[in-house]
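In listed order, ligands and their atoms are each counted from 1.
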Amino acid sequence: MIIEIIEKKKNGLTLTKEELAFAFEGYLKGDIPDYQMSSFLMAICLKGLTDEEIFCLTDLFLKSGEILDWSSLEGVKVDKHSTGGVGDKTTLVLAPLVASCHVPVIKMSGRGLGHTGGTIDKLESIPGYRTDLSEEEIKKQVEQIGVVVTGQTKDLVPMDKKVYALRDVTGTVESLGLIATSIMSKKLASGADKILIDIKVGKGALIKNQEDANFLSGITKRIGDHYGREVQTVLSDMNVLGRTIGNSLEVIEAIDVLKGKEQSEFSKLCIDLASSMVSMAKGTDLATSKQEVMNALLSGKALSKFLELVKAQGGEIGKLSISEKVFEIKSEKEGIVRHIDALKMAKYSMNLGAGRKKEGDKIDPEVGIYLEKLVDDPVHIGDTLGRVYYHNVLPEEDIASYFTIE
Ligand code: URA
């Protein structure tokens with residue numbers, strides 16, 4: 001039976017709900033081995049999925065585990081998902097910023113693997129910060145302070161966990177249908193009323209071009225319609241990473257953005273995403289929401305909400321620390337910074353110990369990279385381009401070469 005299903009997809013035909021269920025439920029139960037699922041995933045990758053197949057698959061994924069329900073909590077809950085960026089610390093800014101505009105935020109985030117960082121690892125660099133809140137604790141905290149950022153509960157979309165792990169090692173991550181299924185099943189299971197998806201586009205990102213981004217944007221909205229949940233998407237540049245990569249450093253940068261101190265493409269992205277979330281939750285237009293977001297930032301309300309969040313989850317922000325060993329990256333060129341290779345920076349940072357090479361690796365929260373110069377900044381010979389915070393030895397790669405200066 002599974003062979004016929006694989007062959008049917010290989011020949012570009014549309015699968016029925018029963019056939020998809022047979023394959024994916026069988027895989028989750030362990031009845032279908034990795035090698036057959038790998039072959040099936042590759043056929044899906046090459047031949048694609050119809051909208052109807054994507055809806056069926058999302059439903060199968062969604063129903064494979066627990067589905068959270070926050071309807072007893074007051075207010076419209078808006079969740080946000082990013083398709084994966086380097087140095088992506090937007091959640092650290094967005095959650096308190098949006099909550100300080102009186103929109104409840106329940107954010108369940110993951111850990112990082114490879115060069116992509118995880119919000120949970122970043123928050124755990126704050127000594128004491130708990131990321132394992134129970135459903136009851138989440139409800140209580142949202143009622144009290146309007147915001148929670150915690151780890152995913154164990155049983156959320158187990159089918160995605162198992163299939164994603166296989167996609168990751170079989171060259172089948174880049175199927176737009178599977179990406180839409182994976183994202184939307186998790187967001188629907190997390191129980192938000194409305195969903196904002198930040199689609200990262202560009203070289204080094206999962207979504208390489210505008211056409212694919214448009215497709216993903218359309219299909220996630222259609223899945224949302226199917227479940228009666230509003231989905232909005234924002235397309236953003238993969239290379240907008242702010243000034244830092246590395247866990248404690250990213251928390252410090254998030255605090256700077258929340259203080260309204262840091263003006264960069266990254267802070268602009270945070271403001272845009274927050275404005276969209278507030279607008280979705282309150283039904284106000286974007287300009288009005290942006291004004292509200294700016295007021296929250298400039299009045300210090302957003303920063304206070306962040307500190308309240310950290311305290312509520314047991315974190316001691318005063319104990320956040322970065323390594324005292326610092327290497328200054330000097331420019332040997334004169335000109336304008338035209339490009340910073342985000343992917344290479346992320347891999348370098350991972351080699352410093354800021355990320356995991358394999359699941360279960362321990363992270364060093366105190367190491368990472370701070371970018372003194374950003375794209376479009378003028379540079380003179382001898383200027384400091386950035387700083388590397390390290391503990392043991394520096395990676396061999398020439399990090400200065402990751403800046404294109406012309
Ligand atoms: N992000 C997800 O959550 N799933 C994918 O498949 C790709 C990006």
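- A salt bridge is absent between K290 and E292; no separation between the charged side-chain nitrogens and carboxylate oxygens falls under 4.0 Å.
- Between the side chain of K333 and the backbone N or O of T404 there is no donor-acceptor pair closer than 3.5 Å.
- Ligand-side atoms of ligand 1 in range of L206: 7 (C), 8 (C), range being under 4.0 angstrom from any heavy atom.
- Every atom of ligand 1 with a heavy atom of S182 under 4.0 Å away is listed here by number and element: 2 (C), 3 (O), 4 (N), 5 (C), 6 (O).
- The shortest N or O to N or O distance between Y164 and ligand 1 is not below 3.5 Å.
- Salt-bridge check for E265 with K268: passed, with a basic side-chain N closer than 4.0 Å to an acidic carboxylate O.
- Annotation: cation-pi geometry satisfied between K89 and F266 (NZ/CZ under 6.0 angstrom from ring centroid, within 45° of ring axis).
- Residue contacts with ligand 1, taken as heavy atom pairs separated by less than 4.0 Å, do not involve D160 at all.
- Residue S82 places no N or O, backbone or side chain, under 3.5 Å from any N or O of ligand 1.
- For atom 1 (N) of ligand 1, the nearest non-hydrogen atom of the protein is H81 NE2, 3.7 Å.
- Atoms of ligand 1 found under 4.0 Å from any heavy atom of I179 (numbered from 1 in listed order, with element): 6 (O), 7 (C).
- Between K200 and D198 there is a salt bridge, since at least one side-chain N of the basic residue sits less than 4.0 Å from a carboxylate O of the acidic one.
- The residue from K186, E174, R167, K200 that puts a heavy atom closest to atom 3 (O) of ligand 1 is K186.
- The side-chain tip of K325 does not point at the ring of Y389 from less than 6.0 angstrom away and within 45° of straight on.
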